Chemist: 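Encoded as structure tokens, here's the structure I'll be asking about.
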Amino acid sequence: MKKLLKNLMENFRGKTVEHDPSQSLCPECRTALKELSGLGALRCGKCRGIWVDLDNLSDFIWAPEEHLAGILSDTVIESRTFNPSAPRPCVKCSKPMENYLYDERDSLWVDACGHGHGLWFDPGEVALARQINKTQSSTEI
Ligand SMILES: [Zn+2]
Ligand SMILES: [Zn+2]
């Protein structure tokens with residue numbers, strides 16, 4: 001069964017989890033994640049993946065384009081982006097994340113923690129997510 005990201009967001013709307021960003025490791029390569037200042041997101045300098053708290057997702061996706069320079073230009077790794085990937089650990093609770101379909105009308109898969117902690121974008125997926133949302137301006141993410 002396909003799980004939709006919007007259902008997860010509805011379940012956990014407004015529930016935040018305290019977590020020390022300095023303790024955050026990349027779910028892909030275990031490198032320490034760095035804060036993207038002003039964006040409420042963390043980035044892996046090595047594999048270029050991005051962690052976003054679930055509550056921050058909307059703000060992050062719609063950040064002005066110039067704030068996302070260097071993120072939107074990342075190259076998509078198709079095997080990870082358009083297919084469900086092997087479980088990787090949540091940055092906050094280390095439990096395995098699950099694959100969620102970003103939008104039911106598209107084939108972008110993201111990893112998200114089933115406990116509502118946040119989601120992981122592989123390189124290039126942020127740009128795809130913006131495109132998806134742009135075509136649905138009437139729908140809130
Ligand atoms: Zn990494
Ligand atoms: Zn978690």
Side-chain angles (χ1 to χ4, degrees), residues 1-137 139-141:
M1 197 188 79
K2 288 178 180 176
K3 294 182 177 178
L4 295 176
L5 187 64
K6 71 173 183 196
N7 295 339
L8 182 71
M9 293 182 73
E10 272 158 24
N11 287 344
F12 289 96
R13 201 173 289 280
K15 293 177 193 165
T16 47
V17 184
E18 292 302 320
H19 186 76
D20 180 357
S22 67
Q23 301 295 312
S24 302
L25 295 179
C26 174
E28 175 68 19
C29 69
R30 312 311 288 161
T31 303
L33 297 175
K34 293 197 184 101
E35 268 188 281
L36 290 166
S37 57
L39 290 174
L42 302 170
R43 181 175 217 193
C44 176
K46 196 174 169 199
C47 69
R48 308 182 70 79
I50 290 174
W51 171 264
V52 185
D53 288 357
L54 208 55
D55 265 359
N56 268 338
L57 179 61
S58 221
D59 290 345
F60 176 72
I61 289 292
W62 292 117
E65 200 165 326
E66 60 267 28
H67 294 191
L68 299 175
I71 295 174
L72 298 178
S73 56
D74 276 337
T75 309
V76 167
I77 302 167
E78 298 209 358
S79 59
R80 290 194 206 148
T81 296
F82 302 115
N83 297 293
S85 52
R88 290 177 279 183
C90 170
V91 166
K92 288 190 173 177
C93 72
S94 299
K95 295 195 182 98
M97 292 190 285
E98 296 168 66
N99 291 285
Y100 286 84
L101 208 48
Y102 189 81
D103 185 274
E104 65 240 89
R105 283 155 292 184
D106 206 90
S107 54
L108 171 59
W109 288 92
V110 293
D111 293 39
C113 174
H115 303 277
H117 296 152
L119 70 156
W120 182 254
F121 287 109
D122 285 313
E125 291 181 352
V126 174
L128 293 175
R130 276 171 73 101
Q131 281 166 16
I132 290 170
N133 290 136
K134 218 175 258 177
T135 58
Q136 304 163 13
S137 48
T139 332
E140 281 251 329
I141 61 162

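Start at 1 and go down the list; that is how both ligands and their atoms are numbered. Because the structure is a prediction, the values reported are computed rather than measured.
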Chemist: Below 4.5 Å, heavy atoms only, C-beta onward: do Ser85 and Asp111 meet side chain to side chain?
Modeler: yes
Chemist: Answer yes when Glu104 and Lys6 have at least one side-chain N-carboxylate O distance shorter than 4.0 Å, and no when they do not.
Modeler: yes
Chemist: Could you tell me which residues satisfy side-chain hydrogen bond (donor to acceptor under 3.5 Å, both in side chains) with Glu78, sequence neighbours excluded, listed by chain and number?
Modeler: none
Chemist: Nearest 0.5 angstrom please: Leu33 CG to Ile50 CD1, how far?
Modeler: 10.0 Å
Chemist: Rounded to the nearest 0.5 Å, what separates atom CG in Asp53 from atom CG in Leu119?
Modeler: 9.0 Å
Chemist: Using 0.5 Å steps for rounding, measure from the CD1 atom of Ile132 to the CG atom of Asp103.
Modeler: 6.0 Å
Chemist: With 2.8 Å as the threshold, which protein atoms of type N, O or S lie near the Zn ion (ligand 2)? Leave waters out.
Modeler: Cys90 SG, Cys93 SG, Cys113 SG, His117 ND1
Chemist: Who passes side chain to side chain contact (heavy atoms under 4.5 Å, CB included) against Pro87, sequence neighbours left out?
Modeler: Pro96
Chemist: Between Arg48 (side chain) and Gly70 (backbone), is there a donor-acceptor pair under 3.5 Å?
Modeler: yes
Chemist: Keeping to distances under 2.8 Å, can you name the protein N/O/S atoms close to the Zn ion (ligand 1)?
Modeler: Cys26 SG, Cys29 SG, Cys44 SG, Cys47 SG
Chemist: Just verifying a value: how many Å separate Leu68 CG and Trp62 CH2, rounded to the nearest 0.5 Å?
Modeler: 10.5 Å
